[in-house]
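Start at 1 and go down the list; that is how both ligands and their atoms are numbered. Predicted, not measured: the structure shown is a model, and the values here were computed from it. Just so you know, residue 1 is the first one in the sequence shown, and it goes up from there.
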Amino acid sequence: MGTESSVSTATVSADGAEIPALGFGTARMTGDECRQAVERALEVGYRHVDTAQLYDNESAVGDAIAASTVDRNDVFVVTKVHPDNAAREDVLESTRTSLERLGLTTVDLLLLHAPSDEVPLEETLSAMNELQDEGSVDHVGVSNFPVEALDRARELSDTPIVANQVKYHPYHHQPELLEYCVEHDVCLTAYSPLAEGAVPGDDRLGEIGDRYGKSAAQVALRWLVQQPMVAAIPKAASPAHVETNADVFDFELDPAEMDAVADLGDGRWSALVSKLGLR
Ligand SMILES: NC(=O)c1ccc[n+]([C@@H]2O[C@H](COP(=O)([O-])OP(=O)(O)OC[C@H]3O[C@@H](n4cnc5c(N)ncnc54)[C@H](OP(=O)(O)O)[C@@H]3O)[C@@H](O)[C@H]2O)c1
């Protein structure tokens, strides 16, 4: 990803899906707070919005999309089926309810929020594929799936599993999962990319940022979107955070800086980069 891209244009290409590399997370925001934050995000250029049945904010997200001057077709909307709704009828019914709440006829990506202990994965994925067949869902994916479960999901689904949304940030690497995603054309969508607010206060990231006039949070987000197949979905209620988090496409971390951020975790990321020959 070069420095010529922007929050509106940088994408991860994953088996037929073009997923904007920086999306907007909405967990723990509801009502007006959520609507205003999503409206602001669309205004400053985000084109990927992440919600879930669990977040109780699909209506607010939908209101923001409806109020925005940005064309709905230019926004990549993601929602997630709650694991309690993993049985076939519940997938179908709950997703239709999600669509009603969002005020949309189609979502760009429907994820299974987490593996279900109760319902066989083939049943859930087959219902998600059915929703694709009827045009309610463009792409399907999963969330919180370790490598073996992701591999199984890819075997069971009739259509590509284009994304696995997992916790991934400078203190929490998933090298085996990243390797799998790079090899199999799956987007690794990094949730809690700012470690739920811990990253912005990190002096070591701040020092790297000083070289570019960027903050610690911006360095962490840049580190994420600069990796192959990785998208990031920071959440922010504060308008200033919404805006500055999007401003990570006009600088590039050099290999030593990429490694330095990775070393805040356990260093295994650097080994993977060499192994895959990613640079
Ligand atoms: N699939 C899953 O199971 C799963 C799990 C967790 C999260 N997610 C998704 O991932 C999204 C992001 O993860 P997250 O909400 O857990 O955490 P996060 O994005 O890592 O961190 C959000 C926190 O960081 C603060 N923040 C944001 N930008 C900042 C900045 N530039 N400077 C200082 N502080 C900043 C926010 O404050 P303010 O809000 O006050 O601005 C908020 O407290 C969620 O919203 C959700 O969409 C998915």
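- Contact check on Arg72 versus Asp108 returns a salt bridge, with a Lys/Arg side-chain nitrogen under 4.0 Å from an Asp/Glu carboxylate oxygen.
- Near ligand 1, residues Gly25, Thr26, Ala27, Arg28, Asp50, Tyr55, Lys80, His113, Ser143, Asn144, Gln165, Tyr191, Ser192, Pro193, Leu194, Ala195, Glu196, Gly197, Pro200, Ala217, Ile233, Pro234, Lys235, Ala236, Ala237, Ser238, His241, Thr244, Asn245 each place a heavy atom inside the 4.0 Å sphere around the ligand atoms.
- In this structure, the side chains of Leu99 and Thr105 stay at 4.5 Å or more apart for every pair of heavy atoms.
- Evaluation of the salt bridge (charged side-chain N to carboxylate O under 4.0 Å, His left out) test over residues 131-140, restricted to residues two or more places apart or in two chains, returns Arg96-Glu134.
- Residues Val140 and Ser157 are in side-chain contact: their nearest non-hydrogen atoms beyond the backbone lie under 4.5 Å apart.
- A donor-acceptor pair under 3.5 Å is formed between the side chain of Asn129 and the backbone N or O of Asp158.
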Does the side chain to side chain donor-acceptor pair (under 3.5 Å) test come out yes or no for Asn144 and Tyr191, once each step is laid out? CA-CA 10 Å; Asn144 296 301; Tyr191 77 62; 2.6 Å; yes
